[in-house]
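Down below is the structure, laid out as structure tokens.
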Amino acid sequence: MTNNNNYLVANWKMYGSLKDLKSIKKVIKISKKGKYKNIKIIYCPPYTLINSLSKLLKKTALKVGAQNCHYNEYSGSYTGSISPNMIKSVGAKYVIVGHSENRESGESNSTINKKIVSALNQKLKVIFCIGETLSEKKKSKTNFVLKKQIYEGLKNIKKLDNLIFAYEPVWCIGTGVIPKTSDLKNNLIKIQKILKYKFKLKNPIILYGGSVSSKNVAELNKISEIKGFLIGSASQNTNKFIDIIKKSII
Ligand code: PGA
């Protein structure tokens, strides 16, 4: 039986080349086995691989997403940027927006809001990342920061059905550290409450991200508020990712 943690999003970040796509065939094979069928596996490779990966995954249940997009829905004079329409045209069904690695380089809540609007207009599903930094946590600002990111990120968006939320405490990303279970649960409950009561989302899907590995995924899985994981470095190695897939079933 599968539990309710049924999203596994692989964020490859700025890693991976065409030859790395081959190993995904092993994941395709596993995903067809009965007990893994309920897991929604979404690969978010660099832009350069979206087209090829979409072709590889065409007749499978696995989906492709982008790691970011521009706020302009279609096209424009934005050197080096990619629009939601462009990523959709090469087969992406999802897009990650608001990742802390982009927030760090100056992406504001209002830009994130515009990106979400454009991506949703393009019928992409948005994986909206939120999370506090270590200094915000130390100053007991976590609640304030999460609330602000959610309110400003979702400003004036009426239809939230195609949104998935990813709570990624910034101090857990790439550090090997995960939050204390009680803290994580508390923060997830707070996020859930905002989404349910302020944004009228009946069943918000909230993922956890930050140093998820085959070593901690079973423990994290016990937290019922978590509906899946956004996985960075452990997803870039197919064997490690398969380990996580196997351990995400209880
Ligand atoms: P990590 O990254 O799993 O390597 O900590 C997660 C993320 O950045 O989404």
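Quick caveat, the model's predicted, so the values are computed rather than measured. Just so you know, ligand 1 is whichever comes first in the structure, and atom 1 is the first atom listed for that ligand.
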**Message:** Test your reading of the structure: does G174 have an N or O sitting under 3.5 Å from an N or O of ligand 1?
**Reply:**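 Checking ligand 1 against G174, an N or O pair does fall under 3.5 Å apart.
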**Request:** Would you check whether E168 has a nitrogen or oxygen atom less than 3.5 angstrom from a nitrogen or oxygen atom of ligand 1?
**Result:**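 There is such a contact, yes.
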**Item:** Closest approach of L146 to Y167 (non-hydrogen atoms, all atoms of both residues)
**Value:**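 Closest approach of L146 to Y167: CD2-CE1, 3.7 Å.
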**Prompt:** What closest approach, in Å, do C172 and Y208 show between heavy atoms, and which atom pair accounts for it?
**Reply:**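 C172 and Y208 have their closest heavy atoms at CB-OH, 3.6 Å.
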**Request:** State if S211 counts as touching ligand 1 under the rule of any non-hydrogen atom under 4.0 Å.
**Result:**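 Judged by the 4.0 Å heavy-atom criterion, S211 does count as contacting ligand 1.
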**Prompt:** For ligand 1, is G209 a contact, meaning one of its heavy atoms is under 4.0 Å away?
**Reply:**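 False for this residue.
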**Request:** Give the C-alpha distance, both sets of side-chain angles, the deciding distance and a yes or no for salt bridge (charged side-chain N to carboxylate O under 4.0 Å, His left out) between K185 and E225.
**Result:** CA-CA 7 Å; K185 214 174 156 68; E225 287 78 16; 2.9 Å; yes
**Request:** List in chain and number order the residues that pass side chain to side chain contact (heavy atoms under 4.5 Å, CB included) with K240, two or more places apart in sequence or in another chain; answer none if no residue qualifies.
**Result:**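 In terms of side chain to side chain contact (heavy atoms under 4.5 Å, CB included), with neighbours along the sequence ignored, K240 is linked to N237.
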**Item:** Residues clustered with L134, ILVMFWY side-chain links under 4.5 angstrom
**Value:**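 W171, V177, which link up through side-chain heavy atoms under 4.5 Å apart, make up the rest of the cluster.
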**Item:** Distance flag, aromatic centroids of F241 and Y43, threshold under 6.0 Å
**Value:**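 Y43 vs F241: aromatic centres under 6.0 Å.
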**Asked** Heavy-atom contacts under 4.0 Å between I173 and ligand 1: side chain, backbone, both, or neither?
**Response**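 Within the 4.0 Å criterion, I173 contacts ligand 1 through backbone and side-chain atoms alike.
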Looking at [X], which atoms of ligand 1 are within less than 4.0 Å of one of its heavy atoms?
X: H99; answer: 7 (C), 8 (O), 9 (O)
X: N11; answer: 7 (C), 8 (O), 9 (O)
X: L230; answer: 9 (O)
X: G210; answer: 5 (O)

In terms of residue, atom name and distance, what is the protein heavy atom nearest to [atom]?
atom: atom 4 (O) of ligand 1; value: S233 N, 2.9 Å
atom: atom 3 (O) of ligand 1; value: G232 N, 2.9 Å
atom: atom 2 (O) of ligand 1; value: K13 NZ, 3.2 Å

**Under 3.5 Å donor-acceptor, S54 side chain and I50 backbone** =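 The answer is yes, because a donor-acceptor pair under 3.5 Å joins these two groups.
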**Single hit among K155, R103, K148 for side chain to side chain donor-acceptor pair (under 3.5 Å) with N109** =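 Option passing the side chain to side chain donor-acceptor pair (under 3.5 Å) with N109: R103.
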